Amino acid sequence: MESSGELKRTHSCGDLSAKNAGQDVVLMGWVQKRRDHGGVIFLDLRDRSGVVQVVLSPDAGDSPGSSFERASSVRAEYVLAVSGLVRRRPPGTENPRMATGEIEVATTELNILNTARALPFYPEDAASVDEALRLRYRYLDLRRPECWRIFNMRQRAAALIREFLTKRNFLEIETPILTRSTPEGARDYLVPSRVHPGEFFALPQSPQLFKQMLMIAGFERYVQFARCFRDEDLRADRQPEFTQVDLEMSFVDEQDIQRLTEEMLAYLFGKFLDVELSIPFPRLTYRESMRRYGSDKPDLRFGLEIEDVSSLLAESSCRVFAGAVKSGGVVRGIRVPGGAGFSRKVLDELTQLAVEWGAHGLAWFILGEKGVRSPLLKTIKPEEIDALLSAMGGQTGDLLLLIAAQRQTAEEVLGRLRLHLAGMLDLIDDKQFSFVWITEFPLLEYNEDEERWEAVHHPFTSVLEEDLPLLKTHPERARARAYDIVLNGVELGGGSIRIHRRDLQEQIFDAIGLEAQDAQEKFGFFLEALDYGAPPHGGIAFGFDRLLMLMLDLETIRDVIPFPKTQKATCLLTGAPAPVISKQLRELHICCSQENKKKEQNEEQTDS
RNA sequence: GGAACUGUGGUGUAGUCGGUUUAACACACCGGCCUGUCAAGCCGGAGAUCGCGGGUUCGAGUCCCGUCAGUUCCGCCA
């Protein structure tokens, strides 16, 4: 193994072309592949820019210790410095499948900067390797052009967003990572204080209060690529630490924020993907979205809308339908074009799913060539079927699926059924980007477990002026000045117009059962800030990881995060989280339960 | 907290209803040969007791139970 010695890198592998023929170059990089013919050795040398073929022949001197001899000991993923002449390949040996396939580097000097053991897997194969192993050796997984492309895109997207917002006069500001735990929302990650025994910082779930206080400070327009931390269970699109594009503006209303967001996304998609987004995006109220799509994050890339046929069947001779309506429920359904061909087995599977999801059953009507087929045919009157067909637009070849249940259950089950059917029937065009705003979310919802009202968005969200009186009488009906932006059925971001008056803020705290004293203790600093000239303000935050995942057509945000955690929130690479030695705990005034103590002592022994 | 799927040499897979296997194949690895390959080739070699622990059985990679890990989903995620 040598140092690069006198060699100084002059070019990057992927940048070489026939134009460089005749030049002496020095390259540094990794050995992607070795083809040793005994008399002539080919090495594919890779750096971030690409791959180029390096050739060594005994002309380089095959005396002991020569470059040629060194080359024959080279293995995949060795790190090399090579010096040589760029030349056109001999006629007939060009490789059209390689960007640099017209040329090669006739190497006169080869230094091995580092060797590599046989790898657990080779970067080239990483895509097909078990993800746990890839995460264990993430630096090898990341040693491939596809990953560099993703992180290059990540940087570009961030740059475009910064560029756009800078032009719009936004200030990029960092807020604390060590902050105060807030009672609302997700579980906090806590950090013990050494200086203050028994007290803890929390990692921010979002910079919410800080950005509001920046508005109170008069910054007017704030943005941050904010790291956020939430100690909740993971999903393909959820990591315990993630990045939000967090922004806030003063003296604005919903439309201002939404317009800015649309322009920003249009700018980003235009420059980044060369995709022209049509703005403004469609808007659906929460209620309408739930009714038509059974979801507050509807995927609008396909139809299969939910129809309400409650009034048609309220007096039906079929007890399933009439009964549901009589008891305050609904009858709703989906028309599946072409679904008449579904087998009995498939229908049974769908029914089973519907039951799993909370329905009592699934009523189906096959609109076949020879008439309507359904298990309910005997109980339902022909004219009711006719009415159903015309209400749902049923045509020969279609399938109608109906759920009779309480509204919320019907919406939820049909919403999931809708997604399931779209997958089954391959209705989703994955080239499409379908944005939609969901507006007028409920402000509060009742938490059965904790027996109290909670903010749907967060407790700093303002309420629609006209719904203010409902807070006291029908809290569930009060609508928030909150909005989510949804892309292809994924919640990309959400925001709201905030409360900027102390009295309203206190009223909301009261509505969610936060005692005045508690509120004072936990949010006193913020209530106080509202007293000192807080301007009207609002904002939005996007999941930057999710945005990239969707733009790059990936399945999980782990692919756009360099060092992601597993579903159990561990890091396979570093082994975090891990026990710490008791000295650390003592300094932090932390005492662990017995079981953990044992683990930690073992650790200490092996440690010393 | 719950459900489902996955777990075989370094990697990716095969292994059919439990009984021909000394658990097979490809790539990688080690040794040898080879001056134009780019999925280099040819010859030879080493390497897994089948995630782990129980159980059923005359006999288990193959069946059952438990457990661990990874993934997906539900709950949870203001």
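Numbered from 1 within each chain, the chains take letters A, B, ... in sequence-line order. Please read all numbers here as calculations on a predicted model, not as lab measurements.
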Under 4.0 Å, counting only non-hydrogen atoms across every strand here, what does [X] touch: a base, just sugar-phosphate, or nothing?
X: Thr182(A); answer: nothing
X: Arg134(A); answer: nothing
X: Ile41(A); answer: nothing
X: Arg235(A); answer: base
X: Asp233(A); answer: base
X: Arg117(A); answer: nothing

Item to check | Arg230(A) (side chain) and rC77(B) (base): donor-acceptor pair under 3.5 Å | outcome: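 For Arg230(A), whose side chain was compared with the base of rC77(B), there is no donor-acceptor pair (under 3.5 Å).
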Checklist entry - Within the modelled atom types, does a donor on one side and an acceptor on the other bring the side chain of Arg238(A) and the base of rC76(B) under 3.5 Å apart? => result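 A donor-acceptor contact between them is present.
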Checklist entry - Within less than 4.0 Å of OP1 or OP2 of rG12(B), is there a side-chain N or O belonging to Ser128(A)? => result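 It does not, given that no N or O in the side chain of Ser128(A) lies less than 4.0 Å from OP1 or OP2 of rG12(B).
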Next on the checklist: Strictly below 4.0 Å: does Thr570(A) bring a side-chain N or O up to OP1 or OP2 of rG70(B)?
Outcome noted: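 Yes, within the criterion.
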Next on the checklist: For Phe523(A) and Phe509(A), take the angle between the two ring planes, folded into 0 to 90°, and tell me which bin it lands in: parallel under 30, tilted 30 to 60, perpendicular over 60.
Outcome noted: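 Taking Phe509(A) first and then Phe523(A), their aromatic rings lie parallel (interplane angle under 30°).
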Taking only distance into account, with no hydrogens and no angle test, what donor-acceptor pairs under 3.5 Å do side-chain atoms of residues 412-421 of chain A form with protein atoms, sequence neighbours excluded?
| residue | atom | partner | partner atom | Å |
| --- | --- | --- | --- | --- |
| Arg418(A) | NE | Gly303(A) | O | 2.9 |
| Arg418(A) | NE | Leu304(A) | O | 3.3 |
| Arg418(A) | NH1 | Asp299(A) | O | 3.3 |
| Arg418(A) | NH2 | Asp299(A) | O | 2.8 |
| Arg418(A) | NH2 | Phe302(A) | O | 2.9 |
| Arg418(A) | NH2 | Gly303(A) | O | 3.0 |

Next on the checklist: Could you tell me if the side chain of Cys571(A) sits less than 4.5 Å from the side chain of Phe563(A), heavy atoms only?
Outcome noted: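 The answer is no, as the side chains (C-beta and beyond) never meet within the 4.5 Å cut-off.
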Checklist outcome for this item: Expected string for nucleotides 28-37 of chain B under the B/S/- scheme (protein heavy atoms, under 4.0 Å, primed atoms plus P, OP1, OP2 as sugar-phosphate) is S-SS--BBBB
Next on the checklist: Taking the basic N atoms (NZ, or NE/NH1/NH2) and the acidic carboxylate oxygens, is any pair closer than 4.0 Å for Arg35(A) and Asp44(A)?
Outcome noted: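 So Arg35(A) pairs with Asp44(A) through a salt bridge.
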Checklist entry - What integer distance in Å separates Trp357(A):CH2 from rA4(B):C1'? => result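 One finds 14 Å between C1' of rA4(B) and CH2 of Trp357(A), rounded.
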Item to check | Whole-Å distance separating the NZ atom of Lys565(A) from the P atom of rU71(B) | outcome: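 Between P of rU71(B) and NZ of Lys565(A): 12 Å.
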Item to check | Which nucleotide in rC74(B), rC76(B), rG70(B) has an atom nearest any side-chain atom of Glu232(A) | outcome: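 Out of rC74(B), rC76(B), rG70(B), the nucleotide with an atom closest to Glu232(A)'s side chain is rC76(B).
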Checklist entry - Which listed nucleotide (rC38(B), rU72(B), rG10(B)) is nearest to the side chain of Asp44(A)? => result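 Shortest atom-to-atom distance from the side chain points to rC38(B).
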